[in-house]
Amino acid sequence: MEDEIDQIGFLFDLDGVIVDTAVLHYKAWRKLANSLGFDFTETQNEELKGVGRMDSLDRILGWGGMTLSHNEKLEAAARKNAWYTELTSTLTANDALPGAIDFIERAQEKGIKIGLGSASKNALPVLKQLGITGLFDVIVDGHALTNNKPDPEVFLKGASGLDLLPSSIAVFEDAGVGIEAALSGGMTAIGIGPEGALPDAAFVYSSLGEVDMELVISLIQKNRS
Ligand code: BG6
Ligand code: MG
């Protein structure tokens, strides 16, 4: 059994799966939108989950009916990022989502390979704030990516960093584009979110603490058989 477990991996999204930073991204983007003279709703913000920084800015500017030059966009994204990093600078392990760190530790103790697959360029500092960088065998973040989710690049790079085939991996995601990325990469996709969300995921749990690890392992075994 141990040998078999050694051959599987879990790839985790960060924002909204391990830590509740989705709300901090929202706060910072909203502050930017307000400074430009408009606002957007929490429902609109749902569409930004898993979406890269510049793509998020384009969508937000679209909602406000605004056009900015390339340099103005870079400056706006930098302002948002400065606010975001200020908000994340006080995070600690207590800000991890329910059961998240315990679940990753239990998986690691079982011999499952562990990786991070995040669109965020702030992933590493956030993991450091939480004190959990050492739990990951591979970290793929926004700095390593050419294509954003739903492109599977982030998880395919994670799989190759773990030296595993995509079929041997389960991805844990809170964003629709992330579930899409995992599925198009040939992996088992587990949703983290409210009931009824993420209809394409094999299962959806409210937090990592609720996940039935044995069930996920059996889904991976089925996927690769
Ligand atoms: C994703 C978040 O994880 O990272 C998005 O869900 C965010 O909301 C994206 O825009 C990019 O993050 P960052 O930290 O590089 O601006
Ligand atoms: Mg996320």
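In listed order, ligands and their atoms are each counted from 1. These numbers were taken from a predicted model, which means no experiment stands behind them.
Set against the non-hydrogen atoms of K121, the atoms of ligand 1 under 4.0 Å away are 13 (P), 14 (O), 15 (O). Residue contact check: L48 has heavy atoms under 4.0 Å from atoms 5 (C), 8 (O) of ligand 1. Every atom of ligand 1 is numbered from 1 in the order shown, and the set under 4.0 Å from a heavy atom of N122 is 13 (P), 14 (O).
Each of F103, F155, Y205, F203 was checked for a ring pair (Phe, Tyr, Trp, His ring centres under 6.0 Å) with F172, and the lone residue meeting it is F103.
For Q129 (side chain) and L91 (main-chain N/O), a donor-acceptor pair under 3.5 Å exists by modelled atom type.
A heavy-atom separation below 4.0 Å is found between G50 and ligand 1. Note on ligand 1: V51 sits in its first shell, one or more heavy atoms being nearer than 4.0 Å. Remark: distances from the non-hydrogen atoms of G142 to ligand 1 are all 4.0 Å or more.
Taking 4.0 Å as the cut-off between side-chain N and carboxylate O, D58 and K73 count as a salt-bridged pair. Taking a cutoff of 4.0 Å between a charged side-chain nitrogen and a carboxylate oxygen, E214 and K110 qualify as a salt bridge.
V177 forms part of no hydrophobic cluster, judged by ILVMFWY side-chain heavy-atom separations under 4.5 Å.
For E153, the salt bridge (charged side-chain N to carboxylate O under 4.0 Å, His left out) partners two or more places apart in sequence, or in a different chain, are K157. Partners of V154 by side chain to side chain contact (heavy atoms under 4.5 Å, CB included), not counting sequence neighbours, listed by chain and number: V140, L145, K149.
Of the protein's non-hydrogen atoms, R53 NE, 2.8 Å is the one closest to atom 16 (O) of ligand 1. Looking only at protein heavy atoms, the nearest one to atom 2 (C) of ligand 1 is D15 OD2, 3.4 Å.
Donor-acceptor pairing under 3.5 Å is recorded for the side chains of H25 and K80. At a cut-off of 3.5 Å, with distance as the only test, a side-chain donor of N81 or N122 sits close to an acceptor on the other residue.
Looking at ligand 1, you won't find any N or O of Y84 less than 3.5 Å from one of its N or O atoms. Inclusion of D13 in the set of residues having an N or O under 3.5 Å from an N or O of ligand 1 is not warranted. Of the polar atoms of S120, at least one N or O is found under 3.5 Å from an N or O of ligand 1, judged by distance alone.
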- Kindly indicate, with the supporting measurements, whether the criterion side-chain contact (heavy atoms from CB on, under 4.5 Å) is fulfilled by D141 and K121. CA-CA 6 Å; D141 65 11; K121 292 184 170 154; over 6 Å; no

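Residue contacts with ligand 1, taken as heavy atom pairs separated by less than 4.0 Å, involve H25 solely via side-chain atoms from C-beta onward. Looking at S56 against ligand 1, only its side chain comes within 4.0 Å, counting heavy atoms.
Using a 30° and 60° split on the angle between ring planes, F12 and F10 fall in the perpendicular class, above 60°.
Protein atoms that are N, O or S and lie under 2.8 Å from the Mg ion (ligand 2) are these: D13 OD2, D15 O, D174 OD1.
The line from CD1 of I217 to CD1 of I112 is 4.0 Å long, rounded to the nearest 0.5 Å.
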